[in-house]
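One structure below.
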Number of protein chains: 2
Amino acid sequence: MCLNDEIMENRFINFIAGNFRKSPLKLNNIHEADAELIDIGRADGNLLAITTDSLAEEISSGLYDEPYLAGWMLVVANLSDLAAVGAKPLGMLISLTLKESHRNSYIEKLTQGIDDACRQAGTYILGGDTNQGETDYLSGCALGLAAREKMITRIGARPGDRLYLSAPAGSGNIFALTKFNGHDKYADSIAYKPSPRLDDGLFIRDHANCCIDTSDGVIHAVDTLMRLNNVKIILNNNWEDIIDHQALAICRTLKIQPWLTLAGIHGEFELCFTTGRDRNDEFIRAAGQRGWSPILLGEIQEGSGIFVRQGQNDIPMDTTTIRNLSFEANRDVLAYSERLLDLADKSKIE
Amino acid sequence: MCLNDEIMENRFINFIAGNFRKSPLKLNNIHEADAELIDIGRADGNLLAITTDSLAEEISSGLYDEPYLAGWMLVVANLSDLAAVGAKPLGMLISLTLKESHRNSYIEKLTQGIDDACRQAGTYILGGDTNQGETDYLSGCALGLAAREKMITRIGARPGDRLYLSAPAGSGNIFALTKFNGHDKYADSIAYKPSPRLDDGLFIRDHANCCIDTSDGVIHAVDTLMRLNNVKIILNNNWEDIIDHQALAICRTLKIQPWLTLAGIHGEFELCFTTGRDRNDEFIRAAGQRGWSPILLGEIQEGSGIFVRQGQNDIPMDTTTIRNLSFEANRDVLAYSERLLDLADKSKIE
């Protein structure tokens, strides 16, 4: 796990989790799956998949200044973790701490966003609690069922695998970057409103070796797969295919390097997964039958590290530094985006 | 539900929850159970019991100034909801948002409190997430299994029932009252460290008509049972049996009316339940066999409202005002305790 220890966030999580015993009912180890997979002794072999995710900084920083979006995202962030383990949602619990100063109209829009996201996913709010607080703090917990014999986690990538995204990425980071830098008209044009890829997740678990969502951005996801599976990952650089076309157009207008839309930590909740060499043709054929074109992002090789293929050369990407930037910036979003842009200026990645 | 609408907290919850659809898998209605009871289609008839509870004000106000206590209470608050529905815990998820300024020793004590409370209850932390934030915010979600044929909720109290507590109460409120008013030596003498009554809950579900925990104090629990079941509740006033002996001694020293230790919202996580007239003898006999003496708190009658029996008279207790005090005090704990003490001065309850 020394590759994992380079990431400050992982070190912090390990420091906290090091005090806890692992439940004999839990099938995955720490970091190994987007949702915890619990054997609750069901006769039909279904596992319980559970996850928790919170929003606080996204609201206090002004990124989700629309309450509808905050509510929508609370649901999406949690359900996306279920999608990544190929689980069908049973529902969600929510814990809402809200500032006293909010008017009823704020709370109505917040709950409307929560309800709409649940309806779109065919699921329900099962319960929760509410509190008044100094700052807004929204916490969710999603539950689902996942077939044991089709269990999929972040573990399983092998040299020779192809690396895919469920759809073009980058809208989350370009939304955040433009919002924080006062380019609200660009942020609005993104119409950032991701959906959890629940149906894709059910399909992927039948074909893929491993899966993770891009809730913290594509590079975060790819770097996590690299470390957990002890492999090298080569990324393609055909950004026009990999990056959301609106995000790419804004990059060109604002002279932002396209790959930065994959490197920031505000993701878009796509699924990132690998398929084995021998199963890839069957996967592409079956994906076509359901009218779906996953995005080829790169390939898995023996070794370690993340590289971008530029012509004949594989350019290294310092994903350790990239991932640690946000932890070091300590919640200062402007400092974070400046350091990210600075990093891109110094990089050889085009 | 108009009795429920008098309580501002309930009105707020109804306003939020009014936007959500009820899952067809959920057996209880809103307010009706301490944990949500979900039919996940298990062949053995077990229901999934899930609940979420958060700590924020308890930390920022200084009430839980020891990180060990904060961690312990996060677990207890969630597991106590499982106890009240007679569920056996499967484990917990935790979402920890922590101020950057905390040293490692703070986090170690916090996680030690979490782990110790889990071990005592024979359960586990299954997973979670961590964030940095402006203020500390701890959120938990507990899962358990509850036998469907023994399902117990807050609904079921009938005229003629006896009302019980799992043990003497009041330590939570006397801890808070002394802590907030600078009487730290009394707060320390309480050694406030409640345990979830999981074993009692499993026993109670075999004998009782309804059950609720006293996480928000005894009066909050009793008032909730009164409203949900459309009954009148008469409380006994033998405080020396009902109130924790250390709490009662502090009341006498500081000249605080004993019943206030039941009225405040910082509870002690006992279980409050009713048994039917015809099943009471069997209940007392079986309780004795397990070496347990539940506390007789009062009785259920036809009608509505909460009364305290003083000699020949039943003195009304304005539980609507009591419950709304904390909502109105808007997180100002000193204002809240002043208003509570003022209310007691004006009351005829001794």
Side-chain angles (χ1 to χ4, degrees), chain A residues 9 12-13 15-23 25-26 30 35-36 38 40-44 48 50-54 56-57 60 90-91 93-97 100 104 107-108 111-112 114-115 118-119 123-135 137 139 141 143 145 327 330-331, chain B residues 9 12-13 15-23 25-26 30 35-36 38 40-44 48 50-54 56-57 60 90-91 93-97 100 104 107-108 111-112 114-115 118-119 123-135 137 139 141 143 145 327 330-331:
Chain A
E9 187 196 0
F12 185 62
I13 291 171
F15 172 64
I16 288 180
N19 285 305
F20 303 137
R21 298 170 305 160
K22 185 182 170 192
S23 164
L25 304 179
K26 179 170 151 172
I30 187 167
E36 314 304 335
I38 313 296
I40 54 171
R42 281 177 67 106
D44 65 6
L48 189 68
I50 49 169
T51 185
T52 182
D53 231 315
S54 305
E57 293 296 300
S60 62
L90 285 165
L93 295 183
I94 50 174
S95 176
L96 307 179
T97 297
E100 171 74 5
N104 281 354
I107 298 172
E108 267 171 358
T111 53
Q112 194 61 55
I114 292 170
D115 189 53
C118 282
R119 280 177 196 262
T123 196
Y124 300 89
I125 297 300
L126 299 172
D129 77 334
T130 60
N131 297 285
Q132 297 176 354
E134 287 167 62
T135 52
Y137 191 95
S139 186
C141 169
L143 320 175
L145 293 174
F327 201 89
N330 186 21
R331 301 164 42 230
Chain B
E9 187 196 0
F12 185 63
I13 291 171
F15 172 65
I16 289 179
N19 285 304
F20 303 136
R21 299 170 303 160
K22 186 181 169 192
S23 164
L25 304 180
K26 179 171 151 171
I30 187 166
E36 314 303 334
I38 313 297
I40 55 170
R42 279 177 69 105
D44 65 6
L48 189 68
I50 49 168
T51 185
T52 182
D53 231 314
S54 305
E57 293 297 299
S60 63
L90 285 166
L93 295 182
I94 50 173
S95 176
L96 307 180
T97 296
E100 170 73 6
N104 281 355
I107 298 173
E108 267 171 358
T111 53
Q112 195 60 56
I114 292 171
D115 189 52
C118 283
R119 280 176 196 261
T123 196
Y124 300 89
I125 297 301
L126 298 172
D129 76 336
T130 59
N131 298 285
Q132 297 177 354
E134 286 167 62
T135 52
Y137 191 96
S139 186
C141 170
L143 320 176
L145 293 174
F327 201 90
N330 187 21
R331 301 164 41 232

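Just so you know, these numbers use all the heavy atoms, side chains as well, and skip hydrogens, waters and symmetry mates. In what follows, chains carry the letters A, B, and so on, assigned in the order in which the sequence lines appear, proteins first and then strands, with residues in each chain numbered from 1.
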Exercise. Just jot down the side chain to side chain contact (heavy atoms under 4.5 Å, CB included) partners of A:T97, sequence neighbours excluded, or say none.
Key: A:N131, A:Y137, B:Y137

Quiz item: Checking A:S139 against chain B: side chain, backbone, both or neither under 4.5 Å from a heavy atom?
Solution: side chain

Exercise. Specify which of B:A17, B:S60, B:G41 makes the most heavy-atom pairs with chain A at under 4.5 Å.
Key: B:G41

Quiz item: So what's closer than 4.5 Å to chain B heavy atoms on A:E57: side chain, backbone, both or neither?
Solution: side chain

Quiz prompt | Max heavy-atom pair count under 4.5 Å with chain A, selected residue of B:L143, B:I114, B:D53, B:T52 | solution = B:T52

Quiz item: Measuring heavy-atom distances to chain B, does A:I94 have an atom under 4.5 Å in its side chain, in its backbone, in both, or in neither?
Solution: both

Self-check item: Where B:F15 and B:N19 come nearest, the two heavy atoms and their spacing
Solution: O-ND2, 3.8 Å

Self-check item: Residue part contacting chain B, namely of A:T51, when any heavy atom lies under 4.5 Å
Solution: backbone

Quiz item: By a 4.5 Å heavy-atom criterion (distance strictly below it), what part of A:T130 contacts chain B: side chain, backbone, both, or neither?
Solution: side chain

Quiz prompt | Options A:C141, A:G133, A:G18, ranked by heavy-atom pairs under 4.5 Å with chain B, top entry | solution = A:G133

Exercise. Output the option from B:E100, B:R119, B:Q112 having the highest count of non-hydrogen pairs under 4.5 Å with chain A.
Key: B:R119

Practice problem: Might you point out which heavy atoms bring A:Y124 and A:C118 nearest each other, and give the distance in Å? | Solution: C-SG, 4.1 Å

Practice problem: Determine whether A:I107 and A:L96 make a side-chain contact, defined as any pair of heavy atoms from C-beta on separated by less than 4.5 Å. | Solution: no

Self-check item: Shortest non-hydrogen contact from B:Q132 toward A:F327
Solution: NE2-CZ, 3.7 Å

Quiz prompt | A:L48 portion near chain B, given a 4.5 angstrom heavy-atom threshold | solution = side chain

Quiz item: Does the B:R21 side chain pair with the main chain of A:T123, one donor and one acceptor, at a distance under 3.5 Å?
Solution: yes

Quiz item: Are any side-chain N or O atoms of A:R42 and backbone N or O atoms of B:I40, one a donor and one an acceptor, separated by less than 3.5 Å?
Solution: yes

Quiz prompt | Partner chain B: residue of A:K22, A:E36, A:E9 with the largest heavy-atom pair count (under 4.5 Å) | solution = A:E36

Practice problem: Heavy-atom distances under 4.5 Å only: say whether A:I125 touches chain B with side chain, backbone, both or neither. | Solution: both

Quiz item: About how many Å separate CZ of A:F20 and CG of B:L126, when rounded to the nearest 0.5 Å?
Solution: 11.0 Å

Self-check item: Minimum heavy-atom distance between A:S54 and B:D129, given as atom pair plus value
Solution: N-OD2, 3.6 Å

Quiz item: Is it the backbone or the side chain of A:I38 that comes under 4.5 Å from a heavy atom of chain B, or both, or neither?
Solution: side chain

Exercise. Name the member of B:I13, B:I50, B:L90, B:L25 that forms the most heavy-atom pairs with chain A at distances under 4.5 Å.
Key: B:I50

Quiz item: How would you list, by chain and number, every residue that makes a side chain to side chain contact (heavy atoms under 4.5 Å, CB included) with B:T135, sequence neighbours excluded?
Solution: A:E134, A:T135

Quiz item: Checking heavy atoms, do the side chain of A:D44, its backbone, both or neither come under 4.5 Å from chain B?
Solution: neither

Quiz prompt | Greatest number of heavy atom pairs closer than 4.5 Å to chain A - which of B:G128, B:S95, B:A35 | solution = B:S95

